[in-house]
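Presented below is the structure to which this report refers.
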Amino acid sequence: SFAYLTIKDRTPQILTKVIDTLHRHKSEFFEKHGEEGVEAEKKAISLLSKLRNELQTDKPFIPLVEKFVDTDIWNQYLEYQQSLLNESDGKSRWFYSPWLFVECYMYRRIHEAIIQSPPIDYFDVFKESKEQNFYESQESIIALCTLLQQLIRTIEDLDEKQLKDEFFKLLQISLWGNKCDLSFSGGESSSQDTDVLNSLEDLKPFILLNDMEHLWSLLSNCKKTREKAAVTRVYIVLDNSGFELVTDLVLANFLLSSELATEVHFYGKTIPWFVSDTTIHDFNWLIEQVKHSNHKWMSKCGADWEEYIKMGKWVYHNHIFWTLPHEYCAMPQVAPDLYAELQKAHLILFKGDLNYRKLTGDRKWEFSVPFHQALNGFHPAPLCTIRTLKAEIQVGLQPGQGEQLLASEPSWWTTGKYGIFQYDGPL
Ligand SMILES: O=P(O)(O)OC[C@@]1(O)O[C@H](CO)[C@@H](O)[C@@H]1O
Ligand SMILES: [Mn+2]
């Protein structure tokens, strides 16, 4: 399975890259912290090498030891996974456990190795790759920012149909932005090098499920019926930093400019996650970079985005739940405060593949099972998943559609070639 190949090949490769990154920062650690910094680097490397060995030799999972906000929840979850096994199955371990759990555990253990190694316990081992993705996507970012600024300039003159077309365009750009993800490429560079903006028509046949119309009717209806001081809140559960994040911010900017929303709330990851996922540092760093660009329209975007944050029209939130291994249907029990927050949304957009896996519990669903059913009770507000397919899971297809794709193109659901907008909520 794709899960097996990920754990056998891709994750050790990612760990090796993390170790290499620490090595390459040795002199920086020395300059900042003296000998102590070098000792910390050695400690982190030895913990990570041990982790790689545990993985490759299929050792049982061990509890987390370092005290952190989520340590107890994680250790309870490890016990829960163990409890799912029969006595004869022995201990739960790397190659005999659910993929979603194994992968999340690996990233949590990377984080543990770092926080166990002060004074370099602040270090984001994936920061460099995320920044590289941003720099390598410059041309596409400039094109996208220019498109947005031109659009905003004439937005008041657009009729309903034109506004809807522009909304759909930016949604699709945000969808294909999800192809750039660094855990998928084993940590290797995966920038935006193809011209997505000019390929949207050619890419349309690869949108397997397209619920964009529902998003439009929901938001345009909110706009029409909204009382004067009332709000429309769109939440975006972010995925990857770099090019994908730019596409999401451009979409968020459009939502405000078109008045389809009055507030946009973003959720990122509290700790470095699945290589390229967005943390608050990535979010702020990227906006700062965009603002300081030499390109007129790009820097205008950055300045506007900073302003939205200052004015409270854009709000960034952190919550530890997003880096727990739990599927989203467990949110009301595990993180009731977060569930209550999400209930305030008029629409929640879930970006990326990992969010899809967690929404659907990463189970072996039949292709034609309705999305609503696969969500298993997770219905905080109307929601839509925007994802390119990079894992062997897909629900809500027409009868026979998945089987047909599988027969003609066995890797159709793991290459990122196809994408979906899948909506759940009142119609
Ligand atoms: O959530 P994202 O960034 O779209 O994708 C995450 C991902 O690359 O990570 C896993 C492989 O390691 C797969 O589930 C998935 O393809
Ligand atoms: Mn990701």
Side-chain angles (χ1 to χ4, degrees), residues 1-18 55 94-95 97-111 124-127 129-130 133-134 137 174-192 236-248 266-279 282-283 286 322-325 327-328 349-365 384-394 411-422:
S1 69
F2 184 68
Y4 173 65
L5 291 176
T6 303
I7 300 305
K8 182 172 81 68
D9 300 330
R10 205 145 3 115
T11 38
Q13 190 185 334
I14 289 169
L15 276 170
T16 302
K17 223 171 171 266
V18 167
L55 188 165
W94 291 85
F95 285 87
S97 299
W99 177 33
L100 179 62
F101 158 56
V102 176
E103 223 177 358
C104 291
Y105 176 74
M106 204 254 326
Y107 286 98
R108 183 59 182 80
R109 283 283 305 274
I110 294 179
H111 183 63
D124 178 349
V125 290
F126 302 125
K127 184 161 161 257
S129 316
K130 290 183 272 195
N133 172 282
F134 175 81
S137 311
S174 167
L175 167 66
W176 300 120
N178 180 244
K179 277 193 186 188
C180 302
D181 120 52
L182 299 172
S183 74
F184 186 66
S185 57
E188 292 306 318
S189 158
S190 158
S191 60
Q192 186 51 50
I236 306 183
V237 183
L238 296 169
D239 187 7
N240 305 304
S241 185
F243 182 71
E244 181 173 359
L245 179 57
V246 176
T247 66
D248 298 335
F266 301 95
Y267 280 99
K269 307 293 195 293
T270 309
I271 62 176
W273 202 244
F274 281 66
V275 188
S276 41
D277 285 13
T278 306
T279 64
D282 303 324
F283 186 85
L286 185 134
W322 306 113
T323 49
L324 291 176
E327 47 196 308
Y328 292 162
L349 303 176
F350 284 91
K351 288 296 314 280
D353 203 63
L354 179 61
N355 273 326
Y356 193 73
R357 290 168 63 194
K358 287 188 161 187
L359 283 165
T360 54
D362 214 21
R363 280 156 213 273
K364 217 171 173 176
W365 295 106
C384 182
T385 152
I386 303 178
R387 157 232 191 195
T388 60
L389 280 63
K390 290 172 281 181
E392 288 166 333
I393 176 160
Q394 185 57 55
S411 62
W412 66 283
W413 48 358
T414 53
T415 56
K417 174 176 162 187
Y418 292 94
I420 54 161
F421 294 96
Q422 196 164 24

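Note that the structure is predicted; figures quoted are calculated from it, not measured. Start at 1 and go down the list; that is how both ligands and their atoms are numbered.
Annotation for Asp282 and Leu245: closest pair O-CD2, 4.4 Å, computed over non-hydrogen atoms.
Listed by number with element, the atoms of ligand 1 under 4.0 Å from a non-hydrogen atom of Asp353 are 1 (O), 2 (P), 4 (O), 5 (O), 13 (C), 14 (O), 15 (C), 16 (O). Near Asn178, with a cut-off below 4.0 Å to any heavy atom, the atoms of ligand 1 are 4 (O). Those atoms of ligand 1 that come under 4.0 Å of a heavy atom in Arg10, given as number and element, are 11 (C), 12 (O). Near Leu354, meaning under 4.0 Å from any of its heavy atoms, are these atoms of ligand 1: 1 (O), 2 (P). Against a heavy-atom cut-off of under 4.0 Å, Phe274 is close to the following atoms of ligand 1: 9 (O).
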Residue pair Thr388, Ile420: steps toward the side-chain contact (heavy atoms from CB on, under 4.5 Å) verdict: CA-CA 6 Å; Thr388 60; Ile420 54 161; over 6 Å; no

So Tyr356 and Gln422, side-chain hydrogen bond (donor to acceptor under 3.5 Å, both in side chains) or not? Walk me through it. CA-CA 10 Å; Tyr356 193 73; Gln422 196 164 24; 2.8 Å; yes

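Taking the Mn ion (ligand 2) as the apex, the angle formed with OD1 of Asp277 and OD1 of Asn240 is 80°, to the nearest 10 degrees.
Between Lys130 and Asp277 there is no salt bridge, since none of the side-chain N atoms of the basic residue sits less than 4.0 Å from a carboxylate O of the acidic one.
Using a 4.0 Å cut-off between heavy atoms, Arg357 contacts ligand 1 through its side chain alone, with no backbone atom that close. Looking at Asn240 against ligand 1, only its side chain comes within 4.0 Å, counting heavy atoms. With a 4.0 Å heavy-atom cut-off, ligand 1 is reached by the side chain of Asp239 but not by its N, CA, C or O.
Under a 4.0 Å heavy-atom criterion, Trp99 is in contact with ligand 1.
In this structure, a donor-acceptor pair under 3.5 Å is absent between the side chains of Asn355 and Asp239.
Rounded to the nearest 0.5 angstrom, Ile110 CD1 and Leu15 CG are separated by 4.5 Å. The distance from atom CG of Leu238 to atom CH2 of Trp322, rounded to the nearest 0.5 Å, is 10.0 Å.
Judged by the 6.0 Å and 45° rule, Arg357 forms a cation-pi pair with Trp99.
Taking the N/O/S atoms of Asp239 in turn, the shortest distance to the Mn ion (ligand 2) belongs to OD1.
For atom 10 (C) of ligand 1, the candidate residues are Glu103, Lys390, Met106; the nearest heavy-atom contact is made by Glu103.
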